[in-house]
Each structure stands twice: as C-alpha cells, then as structure tokens.
Amino acid sequence: MQMTAGRLQYMLERLSESLTVTAFGATGTGTVDDAPAIQAALNAAKLRGGWVIIPPGTYLLATLPLRIYRNTRLTLLPGARFVRGAAETMLINGDAGQSLGGYGGHGNITVEGGIWDCQGTVPALSASAMCISIGHARDITIRDVEIRDVSGYHAIELNSTKRATVEGCRFLGYYDPGARDFSEAVQIDLAKSSGVFGGFGPYDHTPCEDILVSGCYFGASGTARTTAWPRGVGSHSATITKYHRRIRVSDCSFEGVTQYAVSAYNWEDTAITGCNFTDCGSGVRFRTVILSDTEDTKRPDGTQTGASQSMRNASVTGCTFRQGGGYDEPIVALGETSGQILNLTLGDNAIDGSTSGQNGIRLQQVQRVAISGNSISNIDGTAVSMESVDNAAVTGNQIYSPGAHGITAVTSTHTSLTGNVIMYPGGNGVLVQDGNNIHIRDNYIKSPGRSANNTYYGIRLSTGASSVSLSGNKVRPNGSSPEAINALSITNTCSLIHRYGNDWRGSTWTDTGSRPVDDPASISTSTSATDLA
C-alpha cells in the first residue's frame, strides 16, 4: 500500500505540472488555427519546464513553426492529430535568433504520440519543409509519432545533437517538389551552414553523437502523388575532421524506400542490427566523404583539403534484405583512396534478391573487414564483390544462385576466403584478379558457369594475382550444359601459386579432354603439402 500510495502521489504531482492545451484555447476541431494556443502552452512550459498535453482531436496548425524549449514533454494523446496549415516546419527546439553552440541549446525534450500530417501534396504546402527539427541539443526523445506526407525535407532532423532516441515511430509518405529525391525521413546532420540547418546558428560544425533509431517503420502512406521515403535514416553533408559517432539503427522495418534505407555517410562506431529491408532501392550504404563534393571536403575554417577522410568501426548484423531494387546493392561500403572504411563487420544477414545487375555485398576501398555467416541468394550480380580491399576474411557464407560470380576479389590483398558454400553461380564461383596474399580454403562450389556454357570456371585466378594458396576446396560441375570450362583456371600472368588437397573431380568440364585444372607450367605452381620456405 505504501508503494501504491507513493506512485499515486507521484502521478498526481506530475499531473499538477501538466499543461493541457485546451486550457489555453485550443479547440481540436480542425477548423481554426490552434497553433497560437499550443504555443502559449509551450511558452508556459518554458518558464519552469513542464508537460504539455494534447487531448484527442484534430489541431490545425497555421501559425508555424511551433517552438519547444528545454525540459519540456509534449504528449499527443491517442486520437490527437496535428495538421500542418502553413508552408513551414511544424516543430523546432528554440528561437530563430538564438546562438547556443555545441550541444548547449534547448534539450531534455520529449515529443511523443499522435499523427503529424504535413499535407505535402497540398499546393500551398508543397514547398520543402521539415516536420520536426532539432539542433544544438542533448537528451532528445521522439517516440510513437506517425509523420505523414512530408514535402522535400525531413520528417525528423537531428542536427548537432547528442544523446537522442527515435523509437516506435512511423514515417509514411514523401512528396518530392523537385530535385529532392535524396531526402531522409530521419536525417543526422551537423551545424555546417544555414543551407544545411536553417533553424538557427551558430554554424560551428557540431556533429551528432549517441543516436538510436529503434523499432520504427519507413514506407508509403498511400496518399496520391507521394512515395515511400527516398532514404530512411542517413546523412548527406560532411566536414573534414568531424564525424557523426555512435549511431545505432535497430529493429526497424524499411519497405519500398526508393534509394538507401540507411545511408551512413561519414559515421563512425555504427551498428545496424535486426532490421528488415523489403523492396528497397538499396539497403545499407557506408560512405566516406565523397571526394567530388567540394563542400564536404572542406575543414571547419573553410580550407579546401581536396581529400576524403577514413571512417572506422561499422557493422550490419542480423538483418534481412528481400527483393532488393536496382538503385544500389543491399549492402555497399565505398571509401576513397584518401579516406577508406576501416573495421567493418557484416555478419548473419539474409540477403534474398537484387535486380539490375546489383551485387549482394559490394566493398571498395575497405580495410579490415569480416564477412561471415551470411545467406546470400538470388542476386542479379555477384554475391560478394570486393575491389581494393585489404585484410578481409570472407568466412562461412551460404551463396545460392547469383546471376554473376559467387565471390570476387579484385586488386585486393591479405584476404582469406574460407568455408563458403557457393551453389549455381552464373559466372565463376571465385574470381581473383590482381592482388596478392590471397588464401582460398575449404570452399565448396557446385555448378559454376550456369549463365553461359564454356565460359566460366569454378575458381579463376588472373591478371597478375600473386602469392595465392588454395587448399581443401571442392568444386563440382553441374553435369549438363551450361557447364564451366574448368574447376580451376590460373592464367600465366599469375605467380607464387601454392595448391594442394583440393578436389577438382568431374567429367563434364568443357575444356579439351574434360580437364578439371588449367594450370600453366610456366607459372611453377607448387603442389606440395609440405612447408614452403
């Protein structure tokens, strides 16, 4: 009883602090402008902190933006709906003239519940605008909101924000007023300029840190002339020496997103876990600063570096990707020569389907990567494509019926391909071009070359590949056309090849005499199982 009484007292105290907007004149009828009354409640909360409550009803907001201040909780009760009635952002944390840098602006804010209808297709409201815009803040929670039909910009922008959670939200419908086919539902950005964040300054290049997006849904609203979002969670601006750090996207569902569901641009210490991607143009992209973007390659003082910068520590684990679209790969990691992606883990994901020649996983300019335990099937291109990759371990993946190759390593070094099962690849099972210090061990490849007879190989080494060892691999032909030329093919440009203990048996290879191996004598391959020194 004492515990119950204590809880009841706590609830009464909190209710006594609450500010119900109807007490300030809001009607909830959807026919008059309720924004001034709601702003009056938010202003009252500004004086001492407080809980602003929106009862069930429809609230037309024609005097915008609403401004929310520190230590405020804004709750839309079930049945409450905000309807945007002016071509402005619906809610922003603070005043236009403020100059609170770093994370020192209005924070400790919670926004929860309700439907936020931005009406982006209404002609008078179709100019680009935000729904909720947060900058120079810390300790932000946005939960259980449904944001519909945003035009041009973002449903939620987190700019220069530390410790923010977006959870249990639904992002439905997007309208492109023109040249905004790259907008994110949840944008993570930095205070770079007024063109990047128009709410207020200072423009001190403060990035975001410690952001969690969890349990959210991204998709279509069904409103005429809208689509699902171009991008679900992401960034598209950067500054050299600055990073967004400790970004987590977990247990979210992305459906029909037209470009990248998650675009981790210049993020570090990033984890994408337990998400579902269905019919998206692309799933997850990791990207270092784009060298051709001359604004992003500047330092905070405006000095042009002409270079990218490396980004570290990223993972995609336990996710499912189904019916991938043709915009980009389900998982893609792209660095630059002047800024590589370092320490990447891709594990225990299920990737089922891609179109337009897209690969399952594509890596370029990546160092120290582990790709393990993934199931990759029905990919239109190559299941795992690596170019200019260093220190990679591709281990224990199940690959089924890729349209092109199973695994490729082009100009890659210090790479191990171990214990993978590759079934019915359209091209080569494993293709190594150029590069050195490659280990190919204990892989099983069945029926390579299914897209064209007498064209491909089980394992193919070419274009100057050097210091390659092959052991314990098993390659089997299909048994009927289309069939591969050889189980193993090594061109005479390769060197320092060591192979032993492999199983190349099969009588239907298309090489003359059904030879399982094409291994030119000129390259002096070692086939000894003893130590080499």
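Everything quoted here is computed from the prediction, not taken from an experiment.
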* To do: Quick one: do V249 and V186 satisfy side-chain contact (heavy atoms from CB on, under 4.5 Å)? Show the steps, please.
  => CA-CA 11 Å; V249 182; V186 179; over 6 Å; no

* side-chain contact (heavy atoms from CB on, under 4.5 Å) assessment of I290 paired with D296 -> CA-CA 7 Å; I290 298 172; D296 290 359; 5.6 Å; no

* To do: Could you please spell out the steps behind the salt bridge (charged side-chain N to carboxylate O under 4.0 Å, His left out) verdict for R362 and D328?
  => CA-CA 9 Å; R362 179 166 66 100; D328 213 334; 3.2 Å; yes

* Please report the C-alpha distance between T297 and Q304 in whole Å, then the side-chain angles of each, then the deciding distance to 0.1 Å, and finally whether the side-chain hydrogen bond (donor to acceptor under 3.5 Å, both in side chains) criterion is met. => CA-CA 6 Å; T297 54; Q304 178 58 252; 2.5 Å; yes

* Asked: Where do W51 and T75 land on the side-chain contact (heavy atoms from CB on, under 4.5 Å) test, with the steps shown first?
  -> CA-CA 7 Å; W51 187 1; T75 301; 2.7 Å; yes

* **Candidate pair R285 and S263, rule side-chain hydrogen bond (donor to acceptor under 3.5 Å, both in side chains), full reasoning** => CA-CA 5 Å; R285 177 181 74 158; S263 181; 3.0 Å; yes

* List the steps, then state whether side-chain contact (heavy atoms from CB on, under 4.5 Å) holds for L61 with L66. => CA-CA 9 Å; L61 307 179; L66 295 175; 4.0 Å; yes

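Residue Y400 qualifies as open at atom OH: its count of foreign heavy atoms under 6.0 Å is 12 or below. The number of heavy atoms from other shown groups lying within 6.0 Å of CZ (R163) is above 12. More than 12 heavy atoms of other residues, nucleotides or ligands shown are found within 6.0 angstrom of CZ on R246.
Within the 4.5 Å cutoff, no side-chain heavy atoms of V384 are placed close to those of N374. V289 has its side chain out of reach of Y243: every pair of non-hydrogen atoms, C-beta onward, lies at least 4.5 Å apart. At least one side-chain heavy atom of T20 sits less than 4.5 Å from a side-chain heavy atom of I53. Side-chain contact check for W229 versus V150: some heavy-atom pair is nearer than 4.5 Å. Annotation: side chain of P402 is not in contact with side chain of T382 (no heavy-atom distance under 4.5 Å). The side-chain heavy atoms of F197 and T206, taken from C-beta on, include no pair separated by under 4.5 Å. Side-chain atoms of F82 and I38, non-hydrogen and from C-beta on, do get closer than 4.5 Å to each other. Counting heavy atoms from C-beta on, the side chains of T58 and V83 come closer than 4.5 Å.
For the residue pair L19 and A41, the shortest heavy atom distance occurs at CD1-O, 3.5 Å. The shortest non-hydrogen separation linking T288 to S308 is OG1-OG, 3.5 Å. Considering all non-hydrogen atoms of both residues, G274 and C319 come closest at N-SG, 3.7 Å. Annotation for I147 and C118: closest pair CG2-SG, 4.4 Å, computed over non-hydrogen atoms. The two residues G120 and Y175 have their closest heavy-atom pair at O-CD2, 3.3 Å. Minimum interatomic distance between R180 and S128 (heavy atoms only, all atoms of both residues): CG-OG, 4.0 Å.
Residues Q119 and R84 have side chains that never bring a donor and an acceptor to within less than 3.5 angstrom of each other. A side-chain N or O of S214 and one of S250 form a donor-acceptor pair less than 3.5 Å apart. Side-chain polar atoms of E255 and N276 form no donor-acceptor pair below 3.5 angstrom. A donor-acceptor contact closer than 3.5 angstrom is absent between the side chains of D189 and N159. Between the side chains of N359 and E329, a donor-acceptor pair is found at a separation under 3.5 Å. Between the side chains of S315 and T317, no donor-acceptor pair of N or O atoms lies under 3.5 Å. Inspection of the Q259 and S282 side chains reveals no N or O donor paired with an N or O acceptor under 3.5 Å. If you check the side chains of N108 and R70, you find no donor sitting under 3.5 Å from an acceptor. Of the N and O atoms on the side chains of Y69 and D95, at least one donor lies less than 3.5 Å from an acceptor on the other residue.
Between Y327 and Y260, the gap from one ring centroid to the other is short of 6.0 Å.
At distances below 3.5 Å, not a single donor-acceptor pair connects side-chain atoms of K298 with backbone N or O atoms of T239. For the pair N349 (side chain) and G318 (backbone), a donor-acceptor distance under 3.5 Å is present. Formation of a donor-acceptor pair under 3.5 Å by the S133 side chain with backbone atoms of E157 is not found in this model. Without hydrogens or angle criteria, Q358 side chain to G326 main chain gives a donor-acceptor distance under 3.5 Å. With Q309 contributing its side chain and T241 its backbone, the two residues share a donor-acceptor pair below 3.5 Å. Judged by distance alone, with hydrogens and angles left aside, the side-chain atoms of H106 form no donor-acceptor pair with the main-chain N or O of I68 at under 3.5 Å. Judged purely by atom type and a 3.5 angstrom limit, R67 uses its side chain to pair as donor or acceptor with the backbone of G94. A distance-only check finds a donor-acceptor pair linking the side chain of D204 to the backbone of G102 [under 3.5 Å]. Between the side chain of T161 and the backbone N or O of L158 there is no donor-acceptor pair closer than 3.5 Å. Between the T320 side chain and the A350 main chain, no donor and acceptor come within less than 3.5 Å of each other.
Note: D352 CG to S377 OG = 3.5 Å, rounded to the nearest 0.5 Å. Here CZ of F171 is found 5.0 Å from CZ of F218. Values are rounded to the nearest 0.5 Å. Atom CD in Q323 sits 10.0 Å away from atom SG in C280 (nearest 0.5 Å). Here D34 contributes atom CG and F24 contributes atom CZ; the two are 13.5 Å apart, rounded to the nearest 0.5 Å. In this structure, CG in L64 is found 6.5 Å from CE in M90, a value given to the nearest 0.5 Å. We find the CZ-CD distance between R143 and E167 to be 6.0 Å, quoted to the nearest 0.5 Å.
For the pairing with F286, the side chain to side chain contact (heavy atoms under 4.5 Å, CB included) check across T270, V332, L334 returns one residue only, T270.
Between E268 and K242 there is no salt bridge, since no side-chain N of the basic residue sits under 4.0 Å from a carboxylate O of the acidic one. Ion pair D210/K162 flagged as a salt bridge, since at least one NZ, NE, NH1 or NH2 atom sits closer than 4.0 Å to an Asp/Glu carboxylate oxygen.
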